[in-house]
Amino acid sequence: MELGSIPAVGFGTWPLVGDAAYEAVSQALDIGYRYIDTAMIYDNEGCVGKAIRDFDIERQDIFVASKLPRRFHGRQAALDAVAESSARMGLDHLDLYLIHWPNPDQGLYLETWQGLLDARDRGLVTHVGVCNFTVEYLELLYQHTGELPVVNQVELNPYHPRAELREFHREHRILTQAWSPLGRGGELLSEPALREIASRHGVSEAEVILRWHASLGVMPLPRSGNAHRQRQNLRAVDGELEAADLEKIAALTGKGGTPLDPRTFVQRW
Ligand code: A2P
């Protein structure tokens, strides 16, 4: 699937594993999700891939993304990671492969990026991108390779709207994706300001939040194991918020827990 026809909402799969991952992805595809997000470190590529393979649809009509973990940083290792993820998912190729975290303590994300460009040039993956990269790291990728990622997937929600990063993405045509769009573990769902907006519009808090992402041109990747909530999340972006709602949501900036800092975050493996 071409990046231009990427859906407005994707289906996140962390921390679903085993049968729960298989069931959730099968159900999500049935409901109409056409973008599935996984990662090698989620330990679910096998069951997520099987759900995709078992679903009765042309492969080209589903967009599949996975991510490269810390221990596959390096130019050759990046090629190996793409091959490993594809084999684990049982798919000939992936639509998008992302560096999961920059892990700057290892000092290898530039080589890793070069390896992903090699993988793309060899046709092993259609698009390559990153997650959790700062403007500074993105600029370094460009300085060393002349290429920027097509996607940067970051922690982005009303507590952390990441205006500066989004502006950089807009200037450089990088698609912004949001992981844990409802706040980690859904922490934003009990925010009184969102509850008020939701009840005024007769929708759920989750719908308000995902609509907010869409209004910023951000693609959210909500995760739910529940069919009703999956459906709600997929449809959420169809509605609109009023200017006054957006102002209210803007007042939440900086509240909530501290986002993970990619300059110091060390991935488990
Ligand atoms: P559930 O799977 O029971 O629907 P994270 O993004 O960090 O993975 O957290 C997502 C959390 O938000 C999960 O606990 C999920 O629970 C919950 N969730 C997802 N969609 C909705 C929704 N539309 N309404 C309420 N809770 C939701």
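Indexing begins at 1, ligand by ligand and atom by atom, following the structure's order. Side chains are part of it too, since the values below use all heavy atoms of this structure and drop only hydrogens, waters and symmetry mates. Numbers here simply count residues along the sequence, with the first being 1. Since this is a predicted model, take the numbers as computed values, not measurements.
- Of the protein's heavy atoms, Arg223 NH2, 3.5 Å lies nearest to atom 9 (O) of ligand 1.
- Taking a cut-off of under 4.0 Å to the non-hydrogen atoms of Trp14, the atoms of ligand 1 that pass are 8 (O).
- A side-chain donor from one of His169 and Asn152 sits under 3.5 Å from a side-chain acceptor of the other.
- The nearest protein atom to atom 21 (C) of ligand 1, hydrogens excluded, is given as Arg229 CD, 3.5 Å; this is a heavy-atom distance.
- Every pair passing salt bridge (Lys or Arg N to Asp or Glu O under 4.0 Å) that includes a residue from residues 35-48 is listed here, sequence neighbours excluded: Asp37-Lys67.
- When hydrogens are left out, the protein atom nearest atom 2 (O) of ligand 1 is Gly225 N, 2.9 Å; that is the closest non-hydrogen contact.
- Taking 4.0 Å as the cut-off between side-chain N and carboxylate O, Arg71 and Asp80 do not count as a salt-bridged pair.
- Geometrically, ligand 1 and Arg184 share no nitrogen or oxygen pair separated by less than 3.5 Å.
- With 3.5 Å as the limit, one finds a donor-acceptor pair spanning the side chains of Ser204 and Glu207.
- Under 3.5 Å, the side chains of Tyr159 and Glu187 contain no donor-acceptor pair of N or O atoms.
- Between Ser204 and ligand 1, no pair of N/O atoms sits closer than 3.5 Å.
- The nearest non-hydrogen atom to atom 18 (N) of ligand 1, considering only Leu16, Leu182, Asn157, comes from Leu182.
- To the nearest 0.5 angstrom, Ser85 atom OG is 3.5 Å from Met40 atom CE.
- In the hydrophobic clustering, Trp101 connects to Trp179, Leu260, Phe265, either directly or through intervening members, whenever side-chain heavy atoms lie under 4.5 Å apart.
- A salt bridge does not link Arg162 to Glu155: none of the charged side-chain nitrogens sits closer than 4.0 Å to a carboxylate oxygen.
- Residue contact annotation: Gly185 has a non-hydrogen atom under 4.0 Å from ligand 1.
- Annotation for Asp19: atom CG does not count as buried by contact number, only 12 or fewer foreign heavy atoms lying within 6.0 Å.
- Here Ile6 contributes atom CD1 and Tyr35 contributes atom OH; the two are 5.0 Å apart, rounded to the nearest 0.5 Å.
- By the criterion of a heavy-atom distance under 4.0 Å, the side chain of Ala206, and not its backbone, is placed next to ligand 1.
- In terms of polar-atom proximity, defined here as any N/O pair under 3.5 Å, Asn226 makes no such contact with ligand 1.
- Proximity to Ser180 (heavy-atom distance under 4.0 Å) selects the following atoms of ligand 1: 5 (P), 6 (O), 7 (O).
- At under 3.5 Å, not a single nitrogen or oxygen of Pro15, backbone or side chain, sits near a nitrogen or oxygen of ligand 1.
- With ligand atoms numbered from 1 in the order given, ligand 1 contributes 22 (C), 23 (N), 24 (N) to contacts under 4.0 Å with heavy atoms of Gln232.
- The closest protein non-hydrogen atom to atom 26 (N) of ligand 1 is Leu189 CD1, 3.3 Å.
- The closest protein non-hydrogen atom to atom 20 (N) of ligand 1 is Asn233 ND2, 2.9 Å.
- Heavy-atom contacts of Ser224 reach the following atoms of ligand 1: 1 (P), 2 (O), 4 (O), 19 (C), 20 (N) (cutoff under 4.0 Å).
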